[in-house]
Amino acid sequence: MGDEDPRNEDGTVASDGGTQESGAARGRGSAGSREGAQDQPSSGSPRASGGEGDEGADDGGTRVKESWFAVDIHPWVFFTSAFLIFGSVILTIVYHAHVDEIFASLQANVAAGAGWFFVMTMNVVLVFIVVVMVGRHGDIRLGGSDAKPEFSTLGWFAMLFSAGMGIGLLFYSVAEPMFHYISSPVAEPGTAEAARRAMDLTFLHWGLHPWAIYAMVGLALAFFSFNKGLPLSIRSVFYPVLGERIHGAIGNLIDILATVATLFGVATSLGLGVQQVNAGLNHLFGLEQSPMVQLVLIAGITGLATWSVVMGLSAGIRRLSEINLVFAALLCLFVLIVGPTIFILNAFGENLGHYIQYLPQLATWNETYEATTWQEGWTVFYWGWWIAWSPFVGMFIARVSYGRTIRQFTLGVLLVPTLITFLWFTIFGNSALHVELFGAGGIARVVQDNIPVALFVLLEHFPLDFVTSLLTVVVIVMFFVTSSDSGSMVIDIITAGGNPDPPVLQRLFWAITEGAVAAALLVGGGLVALQTAAITTGLPFALVLLFMVYSLFRGLAQYREAPGFSMPPYLHGRLTRTVPSRPQPDVVHGHMILTRQTGKARRRRAPARGARPDAGPGPESGGEKGLGARIRRAFGGRRASEGRRAGEGRHDEGGGDRS
């Protein structure tokens, strides 16, 4: 194939329906077919031919910029997800008087009935990802043998760390070890053994298990998108099992579950973060700790997140992640130097050894013989939270991991962040335990009364506590911004049918929605509401994860080395594309696009691949005329599906086997 060049007469690549950059074709790593991939930079470079600094320039050198009013959505996924999310927010507000009781009852019932399932799911995924890491598929490169990584290794690790844990590291770094110390389920509380086992439990919740979930989801998305040419969407992972049905109702349901789970998982983190920002400002300046103050903080910090959204992936999330990593490292290094340094260094090796030694026991513990409910508020909550976060973090990791081999990917995602997390918790957690065991104490009492303020109370025991507390608030705010921005990007990718660079307006919508949901949960029930949201949305997606393990296993087993699919050409995180000068929706694979060109140059629409240049409207270009007909096709019209099958037939002729 490739007899028709999908470029316009002046050499630019059109992005209207049925062409290289449209709909599901653009979602397939923005290559859509091997012919399209050949028109991209061969190295998969994120820069278009316009060169460094020519943001918004097309291949012909004309500066063309996408309008703020551009829309690129999958209607079923977008509108259904938005309806479910806003419906939950409205119900929370309407039944505000009873919501505390409802959330507490729901959390207890889900945790008690499905705790064993969460535990099993996490262990299955961890074993699977370790097998993949050491297995024969480790040399497969995400994006094909010629693909080159988009980001430096340091920038990649910074984004992994900021997106994967972020706010929770600061919220629980002191509070969790101290909680397990004073109310240990496996040792006598308040003893040296309780302190040792407190770190075991903390490492369990923040160690290999959550990063294995992220690695599995990220690897599946990256593999099926960059190596199989499918849209960068959760549904694509299930192609080996479901086949063409991923484009129908089942695929829509999978993406809707992923969207809802992601949004509530991110909202949980944002709610925890704003509570700690409020606690820090109260500790520093006496600002009242109240829901109203927290609502104002959410609004303000969400405003900062919108700035990061506008800046794009490279100029926004990447730079903020790197700056935040430096600030967090400075804070961590300060506590290590001025705190009980020898105690911390001794504890790190001992904590790591105990974690490895007791991991099988702790990872499979279900409180079967104790008949207690300790895990409902801790382990089950964490497993539900990580699972709810997995579409978000996995999608984000996949998006920034183009060009890495599977072994590099799994080693980088599973081991490096885990070791950094262990070091973080050892420095802050063991410093707090040292104060409690050998110093003046008092931190345990504070943790029982007010979890968010625990870290600031620890910093009071060291010099320059005002400066370090202020730096802590800054780090939390920046984690909030990067989590909101990357979360909105991931949700937008899913609801845009797998387009890796959807319009900015949609990301702004989801960033604001995340803040609104976090605010509603805080007002509705505080920490209990946040925990309940994570557990209840994580439960259905746990089923999806087990299904995903099987599908990825089949996909890897049947994979044959072939050229990959390049990333879309963009500069500074903004996609470079040529779009029609007149707003006009188009529908491909149940996927609706509405774009507007803001530049002066106009581009003639290129013909659909496989069609004659003078061909009339067909299935891929819209068929029936009129907006109503296009929207009807978006919600499952036969012509769009026929166009999809025809396009996929051409794709398979190009040499790519998806199964």
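The basis for the numbers below is simple: all heavy atoms, side chains too, and nothing from hydrogens, waters or symmetry mates. Keep in mind it's a predicted model, so treat the numbers as computed, not measured.
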Would you check if Arg197 and Tyr358 make a side-chain contact, meaning some heavy-atom pair closer than 4.5 Å? yes
Are any side-chain N or O atoms of Ser173 and backbone N or O atoms of Phe425, one a donor and one an acceptor, separated by less than 3.5 Å? no
Would you find a donor on one side and an acceptor on the other, under 3.5 Å apart, between the side chain of Gln275 and the backbone of Gln294? no
If the plane angle is over 60° it's perpendicular, under 30° parallel, otherwise tilted; pick one for Phe396 and Phe392. tilted
For the CD atom of Gln361 and the CH2 atom of Trp365, what is their distance to the nearest 0.5 Å? 9.0 Å
Main-chain N/O of Phe466 paired with Ser469 side-chain donor or acceptor, under 3.5 Å: no
Return the minimal non-hydrogen interatomic distance between Phe203 and Thr426, and the atom names on each side. CZ-OG1, 3.4 Å
Do Leu433 and Met199 touch side chain to side chain, with heavy atoms closer than 4.5 Å? yes
Reference residue Tyr172; test ring pair (Phe, Tyr, Trp, His ring centres under 6.0 Å); the match among Tyr382, Phe428, Phe179, Trp424: Tyr382
Can you tell if the side chain of Phe456 reaches within under 4.5 Å of the side chain of Gln276, non-hydrogen atoms only? yes
4.5 Å side-chain heavy-atom contact, Thr513 and Val89: no
Side chains of Asn123 and Phe128: closer than 4.5 Å at any heavy-atom pair? no
Is the distance between the ring centroids of Trp378 and His180 under 6.0 Å? yes
Can the ring centroids of His209 and Trp386 be said to lie less than 6.0 angstrom from one another? no
Excluding sequence neighbours, so at least two apart, what forms side-chain contact (heavy atoms from CB on, under 4.5 Å) with Val326? Leu330
Rounded at 0.5 Å granularity, tell me how far CG in Leu208 sits from CD1 in Ile129. 11.5 Å
Measure from the side-chain N and O atoms of Glu367 to the backbone N and O of Trp374, and report whether any donor-acceptor pair falls under 3.5 Å. yes
Are the side chain of Asn278 and the backbone N or O of Val274 linked by a donor-acceptor pair below 3.5 Å? no
Between Ser401 and Trp156, a side-chain donor and acceptor under 3.5 Å: yes
Taking atom types as modelled, is there a side-chain donor on Asn351 or Asn430 under 3.5 Å from an acceptor on the other? yes
Under a 4.0 Å N-O cut-off, is there an ion pair linking Arg399 with Glu150? yes
Short side-chain to backbone donor-acceptor contact, Thr373 and Glu376, under 3.5 Å: no
So do the side chains of Phe462 and Phe334 get within less than 4.5 Å of each other, counting heavy atoms only? yes
Tell me the salt bridge (Lys or Arg N to Asp or Glu O under 4.0 Å) pairs involving residues 335-351, sequence neighbours left out? Arg196-Glu350
Validation row, ring centre Trp206 to ring centre Phe422 under 6.0 Å: no
So CG of Leu546 and CE of Met216: to nearest 0.5 Å the spacing works out to 8.0 Å
Asn450 meets the side-chain hydrogen bond (donor to acceptor under 3.5 Å, both in side chains) criterion, sequence neighbours left out, with Gln289
Going by atom types alone, do Thr379 and His205 pair a side-chain donor with an acceptor below 3.5 Å? yes
Closest non-hydrogen atom pair, Asn366 against Gly115: OD1-O, 4.2 Å
Is the closest side-chain heavy-atom distance between Leu459 and Val335 below 4.5 Å? yes
Exactly one of Val132, Leu219, Leu414 should register a side chain to side chain contact (heavy atoms under 4.5 Å, CB included) with Phe409. Which one does? Leu219
In this structure, CD1 of Ile491 is separated from OG1 of Thr262 (nearest 0.5 Å) by 5.5 Å
What closest approach, in Å, do Met133 and Leu411 show between heavy atoms, and which atom pair accounts for it? SD-CD2, 3.4 Å
Closest non-hydrogen atom pair between Ala511 and Ser488, with its separation: N-CB, 3.5 Å
Does some side-chain heavy atom of Thr472 sit less than 4.5 Å from a side-chain heavy atom of Leu331? yes
Side chain to side chain contact (heavy atoms under 4.5 Å, CB included) assessment of Leu362 paired with Asp200: CA-CA 8 Å; Leu362 292 173; Asp200 291 345; 3.8 Å; yes
How close do Leu257 and Pro540 get, heavy atom to heavy atom, and via which atoms? CD2-CB, 4.2 Å
Any sub-3.5 Å donor-acceptor pair from Tyr181's side-chain atoms to Gly190's backbone N or O? yes
Indicate the atoms forming the closest heavy-atom contact of Leu295 with Ala519, along with that distance. CD2-CB, 3.3 Å
Is a donor on one side and an acceptor on the other found under 3.5 Å between the side chain of Thr302 and the backbone of Ala299? no
